Asker: 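This is the structure I have questions about; it appears just below.
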Amino acid sequence: MKRLKKSRVLAKAASASILASLVFLTACSSGGGGNASSKEQDPNGKVTLNIITQSSPLAPADPNEKLINKRLEEKTNVHINWKNFTRDVFVEKRNLAVASGDLPDAIFNADYSDYELLKLAKDGAIIPLNDLIEKDMPNFKKVLEEAPEYKSMITAPDGKIYGFPWIEELGSGKERIQAVDSMPWINVEWLKKLGLEMPKTTEELKKVLIAFKTKDPNGNGKADEIPLSFINKPGAEDLTYLFAAFGLGENPDHAVVSNDGKVIFTPAEEGYKNAVSYINELYKEGLIDIEAYTQDWSTYLAKGKDQKYGLYFSWDKANISGGNDTYDVLPPLAGPDGEINVTRTNGIGLGRGKMVVTSANKNLDATAKWVDQLYEPVQSVQDNWGTYGDTTQQNIFEFDEAKGMLKHLPLEGAAPVELREKTSVGGPLAVLNSYYGKYTTVPDDAKGRMDIIKNIMAPHMKADNVMPSVFNSIEELDRLTTIEADLFAYVLRMRTEWYQNGKVNEQWGDYQKELKRLGLDEWLKIKQDGYDRATK
């Protein structure tokens, strides 16, 4: 099961400066993604669209080599001239193209923030989609009719829709698949070898990690075990799952909502301070991977595949250490006061800015009809995960033609994220809860995750409320983006320093003052106002 990447703060800040310089936008030549040929048709009536996109380095450099896109071209009679970038450079290339006026017809897998959508619309770079949806998009209209809450969520305060969304549902409430982001995976083979029980408290976890460090659980006679590792930034590889044992916990967007409807900034809470102190205790014992503060995904993954970790964090263990029984989920721990809590994330399976249509597009009807096919249920399922009948590589599905249903095939040891990134296309799509059992099955890895959330995590979620997906005004978003660029960076820097130097108690007062100086009170007011509007 895919998840939305939640480290958008830096992308917002980086793109804001480029967007601010955008004054005049025109179409460019067709070579390399321009728009001059967008009105051209071949003798068979096929329309060509120029689209910028991003994809995984594991995927073909030319998206047209993917079987999904080949079939889509045959079905729609629309050829896409892709200009594809790998994810590490996509935001920069996307923003430079827009700022220079080098506009394609559309941007696919755009992943624009709300602020970017509204700024681009204000500057005339992208167009509202309401009329196209009403006129040419029956599949998408059916999605919005079945799940009308999404129409309000994708509609800007001015009543316009500026981006085609990505929607993925599985479960609901405390049991939805996104209710927990980061999951902790502990080496149960090491526990068994050392005669240790699964830790139930934060203090017991510390003792287990010390044993992992000192008692050679891998049996090679070397002290090469890594008791605890993570990636030190918001996301599924962060260790902030542990913070909930000390209070409200932490979220990638630093917001939780109390049961009486109050928005709270988690890094300003006493429990956050105590959690950071606990991580410093682990650091002083030499239990934390020395690369945790600087490593990227590839480094983290390489050590995980070598089974070097005692405890690590990820959306799915199969993506890091494999789908074997060496690791199992660490249940929520009781903190020093004996309380057990699991922090609910605010994320849902929604990306508002997954695809935009630019003002240079001269084939709007053809574009809308092509995008609408992406929202056809069986097509959406493939867009999201991958396809069937590919003779060149492992398939995600088999297709039951009689039932019109895609059935997930066993992963056969493949890492879910790697297999899917080779074949899926992402982009605008919708997979609703009603699709399971009708158009597709639930993937085996998602079943496992849902079982963990239902039986282990959800019973300990104290929060009844989450922060809804609020579409703020451009004025509010301008302030949020400006404040978050400094505020969130400061929080991460201080957290990292405190993990290692242990000075959180001495510096806490000054830290609180700096949070206010950086705009915390205004941030909280905007967030609270948005919450109140969305829940009234």
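Remember, it's a predicted structure, so these values are computed and weren't measured experimentally.
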Asker: Salt-bridge test for Lys215 and Glu225: reply yes if a basic N is under 4.0 Å from a carboxylate O, no otherwise.
Answerer: no
Asker: Over 60° means perpendicular and under 30° means parallel, so classify the ring planes of Phe243 and Tyr272, tilted if in between.
Answerer: perpendicular
Asker: Does anything in residues 275-284 pair up under salt bridge (charged side-chain N to carboxylate O under 4.0 Å, His left out), and if so which pairs, sequence neighbours excluded?
Answerer: Lys206-Glu281
Asker: State, yes or no, whether a side-chain contact exists between Met457 and Lys174 at a heavy-atom distance under 4.5 Å.
Answerer: no
Asker: Within the 4.5 Å heavy-atom criterion, are Arg87 and Asn109 side-chain neighbours or not?
Answerer: no
Asker: Please collect all side-chain hydrogen bond (donor to acceptor under 3.5 Å, both in side chains) contacts where either partner lies in residues 246-256, sequence neighbours excluded, each pair once.
Answerer: Glu250-His254, Glu250-Thr266, Asp253-Asn346
Asker: Please collect all salt bridge (charged side-chain N to carboxylate O under 4.0 Å, His left out) contacts where either partner lies in residues 328-350, sequence neighbours excluded, each pair once.
Answerer: Glu339-Lys462
Asker: Salt-bridge test for Asp114 and Arg352: reply yes if a basic N is under 4.0 Å from a carboxylate O, no otherwise.
Answerer: yes
Asker: State which residues pass ring pair (Phe, Tyr, Trp, His ring centres under 6.0 Å) with Tyr388; sequence neighbours excluded, sorted by chain then number.
Answerer: Phe399
Asker: Could you pull out the closest heavy-atom pair between Phe108 and Phe90, with the gap in Å?
Answerer: O-CZ, 4.3 Å
Asker: Please report the closest heavy-atom contact between Tyr375 and Pro165, naming both atoms and the distance.
Answerer: OH-O, 2.6 Å
Asker: Indicate yes or no: at least one non-hydrogen side-chain atom of Asp111 is less than 4.5 angstrom from one of Gln54.
Answerer: yes
Asker: Could you check whether Glu145 pairs with Lys141 (Lys NZ or Arg NE/NH1/NH2 to Asp/Glu carboxylate O, under 4.0 Å)?
Answerer: no
Asker: Could you measure the distance from the CH2 atom of Trp166 to the CG atom of Leu429? Nearest 0.5 Å is fine.
Answerer: 7.5 Å
Asker: Any salt bridge (charged side-chain N to carboxylate O under 4.0 Å, His left out) involving residues 397-418? Give me the pairs, sequence neighbours left out, ordered by first then second residue.
Answerer: Lys305-Glu418, Asp400-Lys407
Asker: Could you point out which residue of Ile226, Thr214, Leu287 forms a side-chain contact (heavy atoms from CB on, under 4.5 Å) with Leu209?
Answerer: Leu287
Asker: Do side-chain atoms of Ser172 reach the backbone of Arg176 as a donor and acceptor pair under 3.5 angstrom?
Answerer: no
Asker: If you look only at pairs with a residue in residues 402-426, which of them pass as a ring pair (Phe, Tyr, Trp, His ring centres under 6.0 Å), with sequence neighbours excluded?
Answerer: Trp385-His408, Phe397-His408
Asker: Phe313: which residues meet the ring pair (Phe, Tyr, Trp, His ring centres under 6.0 Å) condition with it, sequence neighbours left out?
Answerer: none
Asker: Answer yes or no: is there a donor N or O on one side and an acceptor on the other, between the side chain of Asn69 and the main chain of Pro63, under 3.5 Å?
Answerer: yes
Asker: So for atom NZ, which belongs to Lys422, do other residues, nucleotides or ligands contribute more than 12 heavy atoms lying within a distance under 6.0 Å?
Answerer: no
Asker: For residues Pro267 and Tyr511, determine if any side-chain heavy atom of one lies less than 4.5 Å from a side-chain heavy atom of the other.
Answerer: yes
Asker: So, taking the atom named CG in Asn232 and the one named CG in Asp289, what distance separates them when rounded to the nearest 0.5 Å?
Answerer: 11.5 Å
Asker: Under the ring-ring contact (aromatic ring centres under 6.0 Å, His included) criterion, do Tyr278 and Phe246 qualify, and how do the steps go?
Answerer: CA-CA 9 Å; Tyr278 173 73; Phe246 298 87; 5.3 Å; yes
Asker: For a 4.5 angstrom cut-off between non-hydrogen side-chain atoms, does Asp181 reach Gln178?
Answerer: no
Asker: Hey, could you give me the CE/OG1 distance between Met405 and Thr441, rounded to the nearest 0.5 Å?
Answerer: 5.5 Å
Asker: Where is the tightest heavy-atom contact between Tyr115 and Leu477, given as atom of each residue plus distance?
Answerer: N-CD1, 3.6 Å
Asker: Under the side-chain hydrogen bond (donor to acceptor under 3.5 Å, both in side chains) rule, collect the residues that match up with Lys503, sequence neighbours excluded.
Answerer: none
Asker: Under the rule for ring pair (Phe, Tyr, Trp, His ring centres under 6.0 Å), what residues qualify as partners of Tyr300, not counting sequence neighbours?
Answerer: Tyr309
Asker: Glu175: what forms a side-chain contact (heavy atoms from CB on, under 4.5 Å) with it, not counting sequence neighbours?
Answerer: Lys454, Ala458
Asker: Side-chain contact, heavy-atom cut-off 4.5 Å: Met183 with Arg449?
Answerer: yes
Asker: Measure the CG-CD1 distance between Asp451 and Ile456 for me, rounded to the nearest 0.5 Å.
Answerer: 9.0 Å
Asker: Which distance, rounded to the nearest 0.5 Å, do you find between the CG of Leu194 and the CD of Glu189?
Answerer: 11.5 Å
Asker: Would you please name every residue forming a side-chain contact (heavy atoms from CB on, under 4.5 Å) with Asp444, sequence neighbours left out?
Answerer: Lys447
Asker: Who passes ring pair (Phe, Tyr, Trp, His ring centres under 6.0 Å) against Tyr150, sequence neighbours left out?
Answerer: none
Asker: If we ignore hydrogens and angles and just use 3.5 Å, is the side chain of Thr343 paired with the main-chain N or O of Leu248 as donor and acceptor?
Answerer: yes
Asker: Has the side chain of Thr299 got a donor or acceptor atom that lies under 3.5 Å from a matching backbone atom of Gln295?
Answerer: no
Asker: Mind checking the OG1-CD1 spacing from Thr326 to Ile186? Nearest 0.5 Å is all I need.
Answerer: 13.0 Å
